[in-house]
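Taking it in order: structure first as structure tokens, then the write-up.
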Number of protein chains: 2
Amino acid sequence: MRVMTNSIPQTERRRDALSKERIVEAAIEILDSSGESGLTFRALAARLATGSGAIYWHVANKDELLAAATDHIVARVMAEMAKSPGPREAVRTIALGVFDAIDVHPWVGAQMQRAPWHTSMLQIFDSLGRQLEALGVPQAAQFDAATALLSYILGVAGQNASNARMHGQDPDRAGVLAKTAAHWAQLDAEEYPFVTKVAHQMNDHDDTAQFLAGIDLILAGIEALR
Amino acid sequence: MRVMTNSIPQTERRRDALSKERIVEAAIEILDSSGESGLTFRALAARLATGSGAIYWHVANKDELLAAATDHIVARVMAEMAKSPGPREAVRTIALGVFDAIDVHPWVGAQMQRAPWHTSMLQIFDSLGRQLEALGVPQAAQFDAATALLSYILGVAGQNASNARMHGQDPDRAGVLAKTAAHWAQLDAEEYPFVTKVAHQMNDHDDTAQFLAGIDLILAGIEALR
DNA sequence: ACCTGAACACCGTTCAAGT
DNA sequence: ACCTGAACACCGTTCAAGT
């Protein structure tokens, strides 16, 4: 008769055992609450009630940790993406999904910039590219068009990330905009004729609407290719 | 009779005296040769044959140093910009000037992302915006259009910076592209139908041409606004 | 196999002490 | 007024030692 051991099988660990998943989840929580500068291996180890070296057993280094955290967010975005009727709407939906995710997790924007050809970016790139055929874009132009869309999205993503870095979790978004508008308005009109002219538009300014306006501009240019 | 001191007037210092200008110049040299990670106050102090604390007498902190270095590069780009005949060409010239500067100084791309509303960025933003009137863009749409152009430029800038961070001063750009193309080609065609389709285009790939193709796409969209 | 936590080799920044 | 360089408070990462 074989003796049954009461040891826990390898696939079924203690609730509080360390794993890459738990580490990534904790990292995302720290990134969301304390920003990019708040994520240190010491802070992460403290939250997981372990030593900083233990994390290195599951994760190679900080780059891999940030990449895994970004993958986690992007995967969720792509999964929740409802099928859209037309290709034009699909592109807007993808772009908006990324934009909203970065609004909630600004550090994702910085990470996307840092590793633009990582898996999570390739998923977005591919789903953008898939729509271009349906839009009637010639084969030869599809690559450039998809790259343009992705570059624009990454540009806005990076700016949102740096805004968050600068102003933290500042709830007074309107106040920041008003301050910028006032600063622009008082610039030398000889040196900055355009900025002084559009300064007032900074006040009643909708980030999301402006982002979509840019997407529409590129889409209009793409449709002109036919 | 007043005694003439032989002390050097304040405006005319010793050749090797420290100054913000000399510090910024040295910082740019280090950034160009060793990349962003090479610029430390210790390395900078060593190159200037002084103590690290001395730098802080002329520069508040590392952020100010990076901003000043970026201003220096951007100012040169904007100054060398020849007047272009039409507004369409002017936008392309500005964009190309920024693109080329970032090609030589990839760290500028990262810094532009970090501080998008700094003086040097405002100059670019303004000179882009000035062309839109001549393009016949309605007043209400000019702000969005200029922002879209800048966001796209910043997006490409950030990607170039991260490429440089990854591959350093790697002269084998073609080899890197070939490697990426090979990687894309062997991806699962079910999961990445678009990426696998365009993989071969990564091989004979011209960064500058692709960047300008994106600018032209946005310009075509802008011209459709009339 | 996995975890601990001290130790190492760095950072940016400060500051008492010099000239 | 400007410079020096040791010191401080951090980092990411490693690794001998534990379980």
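What you see is a predicted model; the values in this text were computed from it and never measured. All chains are named by letter (A, B, ...) in the order of the sequence lines, taking the proteins before the strands, and each is independently numbered beginning at 1.
DNA chain D lies under 4.0 Å from at least one heavy atom of each of the following residues of residues 30-45 of chain A: A:Leu39, A:Thr40, A:Phe41, A:Arg42.
Under the rule for a side chain to side chain contact (heavy atoms under 4.5 Å, CB included), the partners of B:Ala101 that lie at least two apart in sequence or sit in another chain are B:Ile73, B:Val77.
Protein atom CD1 of B:Ile55 is 14 Å distant from nucleotide atom C1' of C:dT14, rounded to whole Å. Straight-line distance from the NE2 atom of B:His58 to the P atom of C:dT14: 16 Å, rounded to whole Å. Rounded to a whole Å, the CG atom of A:Leu48 is 14 Å from the P atom of C:dG5. The NZ atom of A:Lys20 sits 14 Å away from the P atom of C:dC2 (whole-angstrom rounding). Nucleotide C:dG12 holds its C1' atom 9 Å from the CG atom of B:Asn61, rounded to whole Å. What separates CD of A:Glu64 from P of D:dG12 is a distance of 15 Å, to the nearest Å. If you measure from atom OH of A:Tyr56 to atom P of D:dA16, you get 17 Å, rounded to the nearest angstrom. C:dG12 atom C1' lies 12 Å from atom CG of B:Leu65, rounded to whole Å.
The number of heavy-atom neighbours closer than 6.0 Å to NE2 of B:His72, taken from other residues, nucleotides and ligands shown, is 12 or below.
Between the side chains of B:Gln113 and A:Ser162, no donor N or O sits under 3.5 Å from an acceptor N or O. A donor atom on one side chain and an acceptor atom on the other are found under 3.5 Å apart for B:Asp71 and B:His118.
Remark: the backbone N or O of B:Ala26 is not paired with any side-chain donor or acceptor of B:Arg47 at under 3.5 angstrom. In this structure a side-chain-to-backbone donor-acceptor pair under 3.5 Å is missing from B:Ser34 to B:Leu31. Side-chain atoms of B:Ser151 do not come within 3.5 Å of backbone N or O of B:Ala148 as any donor-acceptor pair.
Residues B:Glu191 and A:Asp126 form no side-chain contact, since every pair of their non-hydrogen atoms from C-beta on lies 4.5 Å or further apart.
For A:Ser52, the listed nucleotide lying nearest its side chain is C:dA6; candidates were C:dC3, D:dC3, C:dA6. For A:Ala54, taking side-chain heavy atoms from C-beta onward, the closest of the listed nucleotides C:dT14, D:dT13, C:dC3 is C:dC3.
Put simply, A:Trp57 has no side-chain N or O that comes within less than 4.0 Å of OP1 or OP2 on C:dC3.
Using a cut-off of 4.0 Å between Lys/Arg side-chain N and Asp/Glu carboxylate O, A:Arg114 and A:Asp63 are scored as not salt-bridged.
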Nucleotide-level pairing of DNA chain C, given in dot-bracket where Watson-Crick and G-U pairs need both distances under 3.5 Å and | marks other strands: ||.|||||...|||||.||

